[in-house]
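Bear in mind the structure is a predicted one, so any value in this text is a computation, not a measurement. Here is how names work: the chains are called A, B, and so on, in the same order as the sequence lines, proteins then strands, and each is numbered from 1.
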Amino acid sequence: MTPDEALDLIYSVVASIPRGRVATYGQVAALAGLARRARLVGHALRETPDGVDVPWHRVVNHQGRISARDEPASEHNQRRLLEAEGVRFIGDRVDMESHQWDE
DNA sequence: CGAGTGACGGACG
DNA sequence: CCGTCCGCCACTC
């Protein structure tokens, strides 16, 4: 599989996460047929150009926390976007029990 | 080519 | 529940 094909798979999986639900990096990787390659998912989302139709904010780490990145403002923005669609937080983490995407 | 570095995650204490 | 250690893998020096 070429790197581009892997990216397309990742984006298509993320695009299918329902509004108000969240998925983990590892979950996205597994659904894309890329087991144990969660880091690749993080890399893919990091490279995602703004404006494309990919709800990157619905992907959080396995603990329900918003992963750190270069721009702290983007992290706060992600939480804001999630809360705007009804996702509730318990402290600094998403209430995975009620919001993780079953699939 | 080896070492370091991540939008990660599971195992373990 | 938390910190650590490791496996993983693309990328940069």
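Hydrophobic cluster membership differs between A:Met96 and A:Tyr25, with clusters built from Ile, Leu, Val, Met, Phe, Trp and Tyr side chains linked at under 4.5 angstrom. Hydrophobic clustering places A:Leu31 together with A:Trp56 (ILVMFWY residues linked when any side-chain heavy atoms are closer than 4.5 Å, directly or through intermediates).
If you take CE of A:Met96 and C1' of B:dC8, they are 13 Å apart, rounded to a whole angstrom. Computed from coordinates, the A:Arg36 CZ to C:dA10 P distance equals 13 Å when rounded to whole Å. When the C1' atom of C:dC11 is taken as reference, atom CG of A:Leu7 falls 14 Å away, rounded to whole Å. The nearest whole Å value for the distance from the CD atom in A:Gln63 to the C1' atom in B:dA11 is 14 Å. The CG atom of A:Leu82 sits 18 Å away from the P atom of B:dA7 (whole-angstrom rounding). Rounded to whole angstrom, the span from the CG atom of A:Asp92 across to the P atom of C:dC1 amounts to 12 Å. Spacing between atom CZ of A:Arg93 and atom C1' of B:dC8 amounts to 15 Å, rounded to whole angstrom units. The distance between atom NE2 of A:His62 and atom C1' of B:dG10, rounded to the nearest whole Å, is 8 Å.
When the shell of 6.0 Å around CZ of A:Arg69 is examined, it contains more than 12 heavy atoms from other residues, nucleotides or ligands.
Remark: A:Thr24 is not in phosphate contact with B:dC8, judged by side-chain N or O atoms under 4.0 Å from OP1 or OP2.
Taking atom C1' on both nucleotides, C:dC13 is separated from B:dA7 by 22 Å, rounded to a whole Å.
Across all strands, A:Arg37 comes closer than 4.0 Å only to sugar-phosphate atoms, never to a base (heavy-atom distances). Nucleic acid contact for A:Ala68: sugar-phosphate only, since backbone atoms but no base atoms lie under 4.0 Å from a heavy atom of the residue.
Comparing B:dG9, B:dG6, C:dC2 against the side chain of A:Arg65 picks out C:dC2 as the nearest.
In summary, of the residues considered (A:Leu45, A:Val14, A:Leu34, A:Leu40), a side chain to side chain contact (heavy atoms under 4.5 Å, CB included) with A:Val28 occurs for A:Val14 alone.
Nucleotide C:dT12 forms a pair with B:dA3, judged by Watson-Crick or G-U wobble geometry with both contacts under 3.5 Å. Using N1 to N3 plus N6-O4 or O6-N4 for Watson-Crick, or N1-O2 and O6-N3 for G-U wobble, each under 3.5 Å, C:dC1 pairs with nothing.
Here the closest heavy-atom approach between residue A:Trp101 and residue A:Arg21 is recorded as CA-NH2, 3.9 Å.
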